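Single-structure report; data block below.
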Amino acid sequence: MPTVTIDTSAELGASAASFLVSASGVLAAASGAPREHVHIQLRTGQLMTWGSKVAGVDGVPHTAQIRVMTAPTLLDTDAKNAVVFGVGALLAPSVPKASTQFIFGAIATEAIAIDGLLLPDLIARDAPAGPD
């Protein structure tokens, strides 16, 4: 269950929605999670620095920081590389990979709540009933 935050100094404009759809596909494939379990927050036009220089100003390239949290375990190296390559390629028209930072982390399922329930309780609620 990837939960992803993407901050970038670049403006993605009309392409932001298609970027989210494509990035969801990359994250679903890399994590093995269904697209419906991928959550992305995209913030564009952010005031950011790279190397203490304001990104996107006075010829300084735009920058991006992507935080990928997965539950309950961290993605393996191949999956992380798939995310870096795939999401990086989607950002490449606006943000060079040399100024793009990815951060990976894991969070316990007990630390996530959806539909008013902690994730383990939600899973138990929605599990198919066993044979009687």
Side-chain angles (χ1 to χ4, degrees):
M1 177 178 190
T3 300
V4 181
T5 304
I6 301 171
D7 291 301
T8 180
S9 59
E11 291 287 354
L12 299 184
S15 67
S18 64
F19 170 86
L20 286 171
V21 170
S22 297
S24 292
V26 168
L27 288 148
S31 68
R35 279 182 181 260
E36 295 80 15
H37 293 187
V38 175
H39 308 283
I40 302 175
Q41 179 179 16
L42 174 63
R43 295 184 289 226
T44 62
Q46 299 298 298
L47 184 59
M48 301 174 72
T49 62
W50 185 262
S52 297
K53 295 180 181 173
V54 178
V57 176
D58 296 331
V60 175
H62 282 290
T63 187
Q65 185 180 74
I66 300 94
R67 287 171 298 288
V68 181
M69 300 298 294
T70 50
T73 59
L74 190 63
L75 295 176
D76 66 24
T77 299
D78 289 340
K80 286 189 261 184
N81 280 324
V83 170
V84 169
F85 178 79
V87 174
L90 293 170
L91 283 169
S94 302
V95 182
K97 66 181 176 181
S99 60
T100 301
Q101 179 184 50
F102 287 82
I103 301 167
F104 295 91
I107 189 164
T109 55
E110 298 83 17
I112 300 171
I114 298 173
D115 195 14
L117 296 170
L118 292 174
L119 194 54
D121 297 328
L122 178 69
I123 292 168
R125 182 196 73 186
D126 293 346
D132 292 331

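Remember, predicted model here, so these are calculated numbers, not experimental data.
Closest approach of A82 and A30 over heavy atoms only: CB-CB, 4.0 Å. Between V87 and F19, the shortest heavy-atom distance links the atoms CG1-CZ, 4.3 Å. Of all heavy-atom pairs spanning S24 and I40, the tightest one is OG-CD1, 3.6 Å. Heavy atoms only, all atoms of each residue included: T109 and A71 are closest at CG2-CB, 4.1 Å. Considering all non-hydrogen atoms of both residues, M1 and A33 come closest at N-CB, 4.2 Å.
Using a 4.5 Å cut-off on side-chain heavy atoms (C-beta onward), T49 and T63 make no contact. A 4.5 Å side-chain heavy-atom check between Q101 and I103 finds at least one atom pair inside the cut-off. Within the 4.5 Å cutoff, side-chain heavy atoms of D7 are placed close to those of M48. T8 is not listed as a side-chain neighbour of Q46, based on a closest heavy-atom distance of 4.5 Å or more. Side chains of I6 and R67 form no contact here, defined as non-hydrogen atoms less than 4.5 Å apart. Using a 4.5 Å heavy-atom threshold, the side chains of L75 and S31 count as touching. At a threshold of 4.5 Å between non-hydrogen side-chain atoms, the residues K97 and L91 do not count as touching. H39 is not listed as a side-chain neighbour of Q41, based on a closest heavy-atom distance of 4.5 Å or more.
A single hydrophobic cluster is not seen to contain both M69 and L20; linkage of ILVMFWY side chains at heavy-atom distances under 4.5 Å, directly or through other members, places them apart. A chain of hydrophobic side-chain contacts below 4.5 Å, direct or via other Ile, Leu, Val, Met, Phe, Trp or Tyr residues, connects F104 to L42. When hydrophobic clusters are built by joining Ile, Leu, Val, Met, Phe, Trp and Tyr residues whose side-chain heavy atoms come closer than 4.5 Å, directly or via intermediates, L74 is not grouped with F85. No continuous path of ILVMFWY side-chain contacts below 4.5 Å connects L119 to V38, so the two sit in separate hydrophobic clusters. Taking hydrophobic clusters as Ile, Leu, Val, Met, Phe, Trp and Tyr residues chained together by side-chain heavy-atom distances below 4.5 Å, V26 shares a cluster with L12.
Defined by atom type and a distance below 3.5 Å, a donor-acceptor pair is missing between the side-chain atoms of H62 and S94.
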### Message
With side-chain contact (heavy atoms from CB on, under 4.5 Å) as the criterion, how do R35 and H37 come out once you've worked through the C-alpha distance, each side chain's angles and the decisive distance to 0.1 Å?
### Response
CA-CA 5 Å; R35 279 182 181 260; H37 293 187; over 6 Å; no
### Worked verdict on T5 versus Q65 for side-chain contact (heavy atoms from CB on, under 4.5 Å)
CA-CA 8 Å; T5 304; Q65 185 180 74; over 6 Å; no
### Message
Apply side-chain contact (heavy atoms from CB on, under 4.5 Å) to residues V4 and L27 and explain how you reach the verdict.
### Response
CA-CA 9 Å; V4 181; L27 288 148; 3.7 Å; yes
### Task
Might you work through the side-chain contact (heavy atoms from CB on, under 4.5 Å) test for L118 and I112, ending with a clear yes or no?
CA-CA 6 Å; L118 292 174; I112 300 171; over 6 Å; no
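Within 6.0 Å of NZ on K53 lie no more than 12 heavy atoms contributed by other residues, nucleotides or ligands.
With hydrogens and angles disregarded, a donor-acceptor distance shorter than 3.5 Å links the side chain of D76 to the backbone of D78. Panel note: side chain T100, backbone P96; a donor-acceptor pair is recorded below 3.5 Å.
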